[in-house]
*Asks:* 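Next up is a structure, given as structure tokens.
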Amino acid sequence: MFFKKIALVSVLAITAGTAHAACEISGNVSIVGNEFPAIQTVAKGAAACSGGEVKSNLTADHQKINVDGMSGNPAEYSSAIIANSSIVALMNEDVIRPLNDLVAEYGQDIPKNQLITIDGNIMAVAFMANAQTLAYRKDVLAEIGADVPSSYEDVLAAAEKIRAAGISQYPVGGAYKAGWNLAQEFTNMYIGHGGEFYNAGTAEVAINNAQGVATLNMLKKLTEYMNPDFLTHDSNATGAEMEAGNVVIMNMWGSRMGSLMDAEGAEEQVYSNITVGGPLTVAGGTTPASTLWWDGWTVAKNISDEDAVATFLAMKHGTSPAILNDETMSQAVWMIEGYTPAPVNDGVFAAIAAGTISYPMLPYHGLLHTALGNNISDFLLGKESAEQALADTEAAYTAAAKEKGFLN
Amino acid sequence: MKHKPFFWFVLPSALAMLCFIFFPIISVVVQSVHVAHEQVIKVVETCDLFGCKESTTVDQDATDALRAERPLGQFAGLTTYADINHLAIDEVGDNWRQSNSWREFGSQMLNLPFYKAIGFTLTFTFIVTPLVIVFGFIIAVAVNAAVQKIRGPLIFFSLLPMMITPLVGALILFWMVDARGIIGATLQYLAGDPDLSVKASTPLTWIMLMVYGVWHSAPFAFIVYYAGLQSVNQDTLEAARVDGANRWLQIRHVIIPHLLPLTTFIALMQLMDNFRVFEPIVSFSAEAHATSLSWAIYNDLGGETRQLSSAAATSVLTIIGVAILLSPVLVRTWREFDRK
């Protein structure tokens with residue numbers, strides 16, 4: 001009886017899902033992308049199209065398979081869902097096609113700002129935005145009588161007060177795990193200091209400068225208020241620390257605020273007081289020490305025109321207002337018409353309003369990100385000077401960029 | 001065996017080795033001496049959700065022609081091997097000339113990624129391998145001495161660490177040594193230091209990785225030794241006992257000589273395995289404290305831009321390292337074979 005009911009409910013749900021899906025395609029679609037709720041919603045929305053097969057392979061390891069999966073002819077995947085950092089790998093290998101003709105014929109209703117245009121070619125269609133901003137416990141800040149921090153200097157001052165008041169020994173959180181996460185924190189802070197990563201118009205790195213040193217010093221000062229294991233904490237771990245009530249202030253991804261503020265995994269006292277703030281600035285700068293991100297979809301180059309059209313239509317449908325409902329609304333900061341922001345999304349909107357810079361979409365920036373992730377932990381561990389860590393990073397990047405043909 | 005049947009007998013495995021070992025290695029070597037074509041970079045206007053700005057991109061039309069002409073990329077010879085991310089020939093030379101003491105030279109060397117990785121890899125290999133042999137032997141002798149009835153369950157439990165997937169096994173230990181985990185909290189209590197954190201200290205992280213390595217591999221040595229113990233000549237043991245040899249003397253003069261050839265086998269396998277240490281570094285998120293050659297390959301391939309030539313060069317260096325490491329054991333085995 002119980003199973004019958006479940007079966008009935010799911011049949012109803014499926015028919016309800018397809019009822020307002022006016023999406024007809026005549027070709028096959030195969031999607032590869034990262035795995036988190038918002039992307040699952042998009043893939044589900046694309047799969048609502050009828051007339052062709054729509055497959056999806058959503059995995060956290062999508063970056064390891066999407067280039068290879070799109071290099072063959074015909075390509076295994078007809079669409080890759082990517083972010084502004086990972087589209088570069090696909091463009092470098094020339095496996096995604098410009099969408100100008102498809103947009104002209106089938107996508108006139110897609111808002112212009114969603115079209116990611118490089119040198120006049122539309123390479124992707126963005127559907128959601130993300131940024132790292134402040135998350136804090138309003139009850140604790142009220143208890144110590146501190147205002148909501150707007151800069152990292154404020155964070156340090158508040159952290160000292162919280163520690164002195166005996167509320168938490170390690171009140172600051174951050175995704176400082178050696179590797180990708182740590183490099184991301186450096187990128188944020190370096191941009192906040194007004195640093196430029198390269199000599200203009202070239203692939204020559206230039207981070208061993210006053211801003212670079214100031215960036216590392218600020219990161220180190222923050223780590224003094226973090227759990228000593230900070231080099232092993234990714235955003236999952238530091239989020240758990242906040243839910244456990246140990247961390248009071250941290251810089252966190254907009255897409256993860258929802259799970260911090262829901263009733264799961266934390267006591268009422270904790271989750272009901274977690275509040276989202278705007279991005280932080282540093283050293284008196286006006287540019288936030290954060291980066292803006294978008295997620296979007298692409299269409300593979302090596303597929304038949306029929307499949308390309310089908311992919312375009314299915315992905316367009318998967319990111320259309322039809323996918324928005326009570327459940328999916330809070331999954332992301334959707335760049336889709338009909339989206340109404342919830343309080344969890346305040347941070348990302350504040351970041352956009354504050355003029356936060358997008359994460360660099362440069363062909364060689366992935367190499368610098370890797371080099372940063374491998375080399376700056378030695379400084380945070382106190383094994384070497386800031387200048388040495390930056391020089392090591394530059395050397396590692398330069399060798400890698402030579403190997404990839406970006407430098408001679 | 002006659003030559004002809006021997007040939008047919010060996011052919012399938014020789015073919016398989018050719019396809020699955022020899023050709024891939026050739027391909028890795030070829031990859032490692034090539035680098036990507038010069039990328040033609042152009043300045044373009046990029047627009048995204050948040051506005052337009054000037055940036056750069058790869059000029060695909062200009063680069064395509066180069067790629068079609070020479071799909072392997074540019075021939076680079078050994079430059080990838082010599083660069084700072086691998087053997088760092090120039091930097092090592094500079095260190096040698098500029099450093100005033102061995103200590104300074106050593107610390108400068110460990111700041112180079114390849115030597116940092118090889119430093120940990122060799123330490124791990126030469127500490128874990130003997131410990132695995134010793135612990136495996138002790139467990140085997142102990143289990144063999146147990147009453148027949150409980151031997152089955154004992155063997156099962158002794159083998160458990162090897163059955164657990166390395167990534168999962170390492171994660172279990174990772175959470176146990178957390179400052180709030182059972183081992184981490186016990187260590188804090190014993191050391192009288194509430195801020196002690198295994199994960200934050202380089203020496204403690206190294207010890208943790210090696211403890212894990214021994215825990216995971218000891219069952220392998222155990223099961224090999226245990227199998228060997230079943231074939232110990234009972235008459236010899238009996239004779240030793242009649243001569244008044246105590247348990248230790250029996251082990252020393254009968255069992256250990258009997259198991260010696262197996263030790264060579266275990267040492268070979270463990271040297272190879274430990275030289276390729278990888279999973280614990282990932283599971284323990286230990287890359288800030290310890291890296292290995294295998295981890296370096298993974299890191300090259302895991303970034304947003306894959307560095308295939310760099311990974312290939314590290315792979316070739318790993319193969320050379322394994323060959324050097326195994327050469328004494330192989331030479332010994334060959335001599336013994338020759339003598340017979």
Side-chain angles (χ1 to χ4, degrees), chain A residues 63-64 67 84-86 88-89 91-92 94 113-120 126 129 177-180 201-203 227-232 234 292 294 335 352 356 358 360-367 369-370 374 377-378 380-381 384 388 392 395-396 398-400 402-406 408, chain B residues 35-39 41-58 60 63-64 73-74 76 79-80 83-86 91 107 111-113 174 178-179 195-202 284-289 291 299-310:
Chain A
Q63 282 175 20
K64 296 197 175 86
V67 172
N84 40 344
S85 64
S86 46
V88 169
M91 293 199 333
N92 286 356
D94 201 19
N113 73 331
Q114 273 179 258
L115 304 175
I116 307 301
T117 313
I118 293 153
D119 198 19
K177 180 176 169 178
W180 193 92
T202 69
N227 184 306
D229 301 344
F230 60 87
L231 283 172
T232 67
D234 58 7
L292 288 177
W294 50 260
M335 292 291 143
I352 296 173
T356 309
S358 338
M361 195 164 65
L362 300 170
Y364 31 79
H365 197 72
L367 297 173
H369 203 104
T370 305
N374 293 343
S377 53
D378 277 353
L380 296 180
L381 285 170
E384 63 185 26
Q388 181 67 49
D392 288 349
T398 304
K402 277 185 184 160
E403 182 208 317
K404 295 301 286 182
F406 294 116
N408 287 312
Chain B
V35 297
H37 284 295
E38 190 186 325
Q39 310 256 15
I41 291 171
K42 57 180 179 182
V43 178
V44 293
E45 188 187 47
T46 302
C47 298
D48 64 11
L49 282 176
F50 319 110
C52 294
K53 64 181 174 195
E54 202 167 80
S55 92
T56 55
T57 191
V58 176
Q60 291 297 349
T63 313
D64 263 359
Q74 317 180 50
T79 44
T80 309
D83 75 17
I84 189 169
N85 292 337
H86 299 89
E91 288 75 10
S107 76
N111 190 34
L112 295 165
F174 180 67
D178 187 88
D195 285 336
L196 181 82
S197 165
V198 175
K199 297 175 187 175
S201 140
T202 302
F284 286 116
S285 306
E287 48 267 57
H289 303 285
T291 56
N299 187 53
D300 280 342
L301 298 178
E304 244 138 28
T305 311
R306 286 185 307 182
Q307 296 163 246
L308 285 175
S309 301
S310 172

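We use all heavy atoms of the structure for the numbers below, so side chains are in, but hydrogens, waters and symmetry mates are not. Below, chains carry the letters A, B, ... as their sequence lines are ordered, and counting in each starts from 1.
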*Asks:* Under 4.5 Å heavy-atom distance to chain B, tell me which part of A/Val88 shows up: side chain, backbone, both or neither.
*Replies:* neither
*Asks:* What part of A/Lys177 gets closer than 4.5 Å to chain B, counting heavy atoms only: side chain, backbone, both or neither?
*Replies:*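 Only the side chain of A/Lys177 comes within 4.5 Å of chain B.
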*Asks:* Checking A/Leu231 against chain B: side chain, backbone, both or neither under 4.5 Å from a heavy atom?
*Replies:* both
*Asks:* Would you check if there is a donor-acceptor pair between the side chains of B/Asn85 and B/Ser310 at a distance under 3.5 Å?
*Replies:*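 The answer is no; no qualifying pair exists.
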*Asks:* May I ask you to check whether over 12 heavy atoms, not counting those of B/Glu38, lie within 6.0 Å of atom CD?
*Replies:*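 No, the 6.0 Å shell around CD holds no more than 12 heavy atoms from other groups.
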*Asks:* Flag the one option from B/Thr56, B/Thr79, B/Thr46, B/Val35 with the top tally of heavy-atom pairs under 4.5 Å to chain A.
*Replies:*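 Highest number of heavy-atom pairs under 4.5 Å: B/Thr56.
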*Asks:* Does the side chain of B/Leu301 come within less than 4.5 Å of B/Leu308's, by heavy atoms?
*Replies:*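 They are in side-chain contact.
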*Asks:* Do you know which of B/Asp83, B/Asp195, B/Asp48, B/Asp178 has the most heavy-atom pairs with chain A at a distance under 4.5 angstrom?
*Replies:* B/Asp48
*Asks:* Could you tell me whether the side chain of B/Leu49 reaches within less than 4.5 Å of the side chain of A/Gln114, counting heavy atoms only?
*Replies:* yes
*Asks:* Tell me which of these, B/Gln60, B/Glu45, B/Lys53, B/Lys42, has more heavy-atom pairs under 4.5 Å with chain A than the rest.
*Replies:* B/Gln60
*Asks:* Flag the pair A/Phe406 / A/Asn92 as yes when at least one side-chain heavy-atom distance between them is below 4.5 Å, and no otherwise.
*Replies:* yes
*Asks:* Quick one: of B/Glu54, B/His289, B/His86, who has the most non-hydrogen atom pairs under 4.5 Å with chain A?
*Replies:* B/His289
*Asks:* Within a strict 4.5 Å, meaning less than it, do heavy atoms of the A/Ser358 and A/Trp294 side chains meet?
*Replies:*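 No, side chains not in contact.
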*Asks:* Under 4.5 Å heavy-atom distance to chain B, tell me which part of A/Leu115 shows up: side chain, backbone, both or neither.
*Replies:* backbone
*Asks:* Are side-chain heavy atoms of B/Asn299 and B/Glu287 found at a separation under 4.5 Å?
*Replies:* no
*Asks:* Given a strict heavy-atom distance threshold of 4.5 Å, which part of A/Phe230 is in contact with chain B: side chain, backbone, both, or neither?
*Replies:*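 A/Phe230 has no heavy atom closer than 4.5 Å to chain B.
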*Asks:* Answer with side chain, backbone, both or neither: which region of A/Met91 has an atom nearer than 4.5 Å to a non-hydrogen atom of chain B?
*Replies:*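 Both backbone and side chain of A/Met91 come within 4.5 Å of chain B.
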*Asks:* For a 4.5 angstrom cut-off between non-hydrogen side-chain atoms, does B/Thr305 reach A/Tyr364?
*Replies:*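 With C-beta onward as the side chain, the pair stays apart.
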*Asks:* Which atoms of B/Ala76 are under 4.5 Å from chain A, going by heavy atoms: the side chain, the backbone, both sets, or neither?
*Replies:*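 Neither part, no heavy atoms under 4.5 Å.
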*Asks:* Need one label for A/Asp378: side chain, backbone, both or neither, based on atoms under 4.5 Å from any heavy atom in chain B.
*Replies:* side chain
